[in-house]
Amino acid sequence: MTEVRVRFPPSPTGYLHIGGARTALLNWLWARKNNGKLILRIEDTDAERSTRESIEGIIDGLTWLGLDWDEGPYFQTEFAGEHVAAAEKLLASGHAYKCFCTREELERKREQALAEKRDVRYDGTCRNLSPEEIRAREEQGVPYVIRFRVPHRQGVVAYEDKVLGRIERSYDDIEDFVIVRSNGRPLYLLCNVVDDIRDRITHIIRGQDHMSNTTRQVLLYEALGAKTPVFAHMPLTLDLQKRKISKRSHGEIVSVQFYRERGFLPWALCNFLALLGWNPGTDQEIFSRQEMIEAFTLERISKVNSVFNYRKGDPKFFTDPKLISMNAHYLRTMDIGELGELVQKDLEQQGIWNRAWEKEERDWYLATLDLIRDRFHTLRDFATLGRAYFADDYTVEQKPLKKNILKHPELKKWLPQLADLFSRLDNFSKEETERVTRELAAELDIKPGILINGMRTVLTGQLAGPGMFDILVALGRDRVVRRLRDIDRFYPEQ
Ligand code: GLU
């Protein structure tokens, strides 16, 4: 059996965006499923728009996502000689010809055709020039492009798309397209095919936006005497307004880097991206890498466009809510040691890391993550919403401040009283702290909730969170007592 060989061939003209990442992911899945190879090819032929920075960004992004490749990165520009040689081969075999029509001439004919409501395709003026006519023009130095000679056959060019079924286009519909510009540079359409032939690509999995090229490329494979690979065209990803997701209209929200910086887990993003355009045929949404590799088939790539549910300007929907909830799922369920490593990096960056949490207090650190992770959605939440567990400079949210603190000025007396009781406990446990809290409430003849909510706000800055007495134990007696005694800071000075 021939080895399955797929490729991810980004044009390095910007950051790695989620559409590109999805393409890379589906190719990766197919390679891994078939014990095949994934080739990374940087299509840098457009020298003006390609940048070093973009190449690095793409490589970093793929690496972060865990989408490893087996060959490359190859650079398309390194094979420029082969692209020219292929064009020459097509000329020599009569599959292509030199076209000396000037731009003005073509433009004039185009306008005329439009005015007469005729087809605007190239009319084949240079298709059958004699060798003498060609030589004469060359001697005069008339610039030329090279056009592919589309066979004048009856019927259709067809290929079997793994997703969409049989795709046909009538020969009559395809004009003699340009494969080499007048400056001698081969067009992308040709380079892409030459590279895929050289890289022995068996499957081309790419967006439907490339379909307009495919039938012409099928003709090129045929003319170059190569076997046409299997095509699988993926649906596009649209936003809620049905606009194609793109760097230009959506900005950073569609860049992989955006998710990395905001504390998304690489596999959570992959899991989400896979389902934007593929469905397993069951209700299952959460897949491990191995499960997804096993479940993935080209036939289950969707035919219809998928929607990236992003609502501009709404902080709760700063990205697709499904992605947020998937990320939360992975945060909640992932190996705690692994989570510990990731959060550590973030706390270090925030300058609130304590070396003791690497050794003697590692157990405390991991238990605390485990306690608070239930409500979090991204890795960043540990250093922000969960900051009170790791540092004293946490912010207190307005809503609980008003509701739980400012509304009850007596807490200025009560919480320090509670702090005294805590400081005298033999055992600063969940049970003991709860017991004295309830006893004090009874003595003061108030609902325990007033003390508990007040404490939660003072100690964590948050309206909600884990069980209050678990929080006390996680924070430890010293911090609890100190913060409760310092409650005055919340009230405006009188
Ligand atoms: N370089 C093209 C792109 O970035 C890929 C073309 C292809 O997959 O054939 O869209």
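Atoms within each ligand, like the ligands themselves, are counted from 1 in listed order. We count residues from 1, following the sequence as given. What's counted below: heavy atoms across the whole structure, side chains too, no hydrogens, waters or symmetry copies.
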### Task
Could you find the nearest protein heavy atom to atom 8 (O) of ligand 1 and give me its residue, atom name and distance?
Arg7 NH1, 2.9 Å
### Task
Please write down residue, atom name and distance for the protein heavy atom closest to atom 3 (C) of ligand 1.
Ser11 OG, 3.7 Å
### Query
Which residue owns the protein heavy atom closest to atom 10 (O) of ligand 1, what's the atom, and how far is it?
His210 NE2, 3.0 Å
### Message
So Tyr144 and Arg137, do their side chains get closer than 4.5 Å, heavy atoms only?
### Response
no
### Message
Please check this pair: side chain of Asp320 against backbone of Phe308, looking for a donor-acceptor N/O pair closer than 3.5 Å.
### Response
no
### Task
Could you tell me whether Ile204 approaches ligand 1 through its side chain, its backbone, both or neither, with non-hydrogen atoms closer than 4.0 Å?
neither
#### Entry: Per-atom contacts, ligand 1 versus Arg206 - under 4.0 Å to a heavy atom
7 (C), 8 (O), 9 (O)
#### Entry: side-chain hydrogen bond (donor to acceptor under 3.5 Å, both in side chains), paired with Asp161, selected from His233, Lys303, Gln208
His233
### Task
Give yes if a backbone or side-chain nitrogen or oxygen of Pro9 is under 3.5 Å from a nitrogen or oxygen of ligand 1, and no if not.
yes
### Query
Tyr188 and Glu43: side-chain contact (heavy atoms from CB on, under 4.5 Å), yes or no, with the steps?
CA-CA 9 Å; Tyr188 168 73; Glu43 298 207 317; 2.7 Å; yes
#### Entry: Tyr365/Trp353 aromatic ring centres below 6.0 Å
yes
### Query
Mind checking whether Phe177 and Phe148 have parallel, tilted or perpendicular rings, split at 30° and 60°?
parallel
### Query
Which protein heavy atom lies closest to atom 2 (C) of ligand 1, and at what distance to 0.1 Å?
Tyr188 OH, 3.2 Å
